[in-house]
Amino acid sequence: MKIAIDGPAAAGKTTLGKKLAQTLGFLFVPTGAMYRAAALAAHRGFRLEEIDITVTEAGKILLNGEDVTALLSSPELDELSSVLSADSQVRERLVALQRKIAEGRDVVMEGRDIGTVVLPGAELKIFLWATLEERAKRRQREQGGNFEEILEAIRRRDERDSTRACSPLKPAPDAVFLDTTNKTPEEVLEEVLKMVEERRARMGS
Ligand code: C5P
């Protein structure tokens, strides 16, 4: 079974995806982290053809074999990855890597274009959403910093992700829209696990 989770920045995709994959025993693939690793590689002067990015069972991101997981969460890479991900050649390369990772196995994959482009045949597609203010609040709780600046940075990324020509952020027509603004991570997980059970029952019948 393949599960696609898409949505805007800081909507809780990684929190949900990790727990969901853990509960189901699936591989978790955070494609945002792959774009961040690509941005790190570009920053280090690598050319696109030289970049190989993989995701391990333990949730590590490897850039050409080096574990870069701990280097990927910074405001600089938030911005750089968002800019780089509008490049169609970068997307083509990362989409190919993502499809290869998911081939022939159960996965929970999160990103912006998973249900629309990377895994259009996914059995369950979730579009995870929360208001901009709520997402900025959550990001500030996780990472600290100035609320207004965080809000503005997320707003800028939302705008860029949704308006780019190549694979813009948008719900797949068959995605379930899930508003998490007033829900705890546990409530969201429970709701999605119910959807998984429903899909499984339908697939088995
Ligand atoms: O989700 P995260 O914030 O880690 O993603 C970093 C950046 O990578 C996003 O701002 C977005 O522009 C880009 N991205 C993308 N397509 C994906 C995942 C992430 O364009 N499937």
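The shown structure was predicted, so the numbers you read here are calculated from the model rather than taken from an experiment. Order of listing sets the numbers, starting from 1, for every ligand and every atom in it. When reading the values below, keep in mind they use all heavy atoms of this one structure, side chains included, and skip hydrogens, waters and symmetry mates.
- Residue contacts with ligand 1, taken as heavy atom pairs separated by less than 4.0 Å, do not involve A9 at all.
- When only interatomic distances are considered, the shortest N/O to N/O separation between D113 and ligand 1 falls below 3.5 Å.
- Looking from atom 6 (C) of ligand 1 to the surrounding protein, the closest heavy atom is S81 OG, 3.4 Å.
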* To do: Show your working on side chain to side chain donor-acceptor pair (under 3.5 Å) between R138 and T180 and close with a plain yes or no.
  => CA-CA 12 Å; R138 290 179 189 170; T180 72; 3.1 Å; yes
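- Of the protein's non-hydrogen atoms, T31 OG1, 3.4 Å is the one closest to atom 18 (C) of ligand 1.
- If you look at R164 next to ligand 1, the close heavy atoms, those under 4.0 Å, all belong to the side chain.
- Atom CG of N64 is separated from atom CZ of R44 by 9.5 Å, given to the nearest 0.5 angstrom.
- Looking at atom 9 (C) of ligand 1, its nearest protein heavy atom turns out to be R112 NH2, 3.3 Å.
- Here the protein heavy atom with the shortest distance to atom 8 (O) of ligand 1 is Y35 CB, 3.5 Å.
- A distance of 9.5 Å separates CD1 in I3 from CZ in R199, rounded to the nearest 0.5 Å.
- Atom CD of E190 is separated from atom OG1 of T23 by 11.0 Å, given to the nearest 0.5 angstrom.
- Annotation: D78 places no N or O atom under 3.5 Å from an N or O atom of ligand 1; distance criterion only.
- Among all protein heavy atoms, the one lying closest to atom 4 (O) of ligand 1 is R36 NE, 2.6 Å.
- For the residue pair S81/R157, the side-chain donor-acceptor check at 3.5 Å is not satisfied.
- Of the N or O atoms in R157, one or more lie within a sub-3.5 Å distance of an N or O in ligand 1.
- Given atom 5 (O) of ligand 1, the protein heavy atom at minimum distance is G32 CA, 3.4 Å.
- Between the side chains of T31 and R112, no donor-acceptor pair is found at a separation under 3.5 Å.
- Nearest protein heavy-atom neighbour of atom 16 (N) of ligand 1: R91 NH2, 3.0 Å.
- Here the OG1 atom belonging to T14 is positioned 4.5 Å from the CZ atom belonging to F28, to the nearest 0.5 angstrom.
- For residues 91-101, the pairs satisfying salt bridge (Lys or Arg N to Asp or Glu O under 4.0 Å) are R91-D113, with sequence neighbours left out.
- Partners of E50 under the salt bridge (Lys or Arg N to Asp or Glu O under 4.0 Å) rule, at least two apart in sequence or in another chain, are R47.
- The closest protein non-hydrogen atom to atom 12 (O) of ligand 1 is D161 OD1, 2.5 Å.
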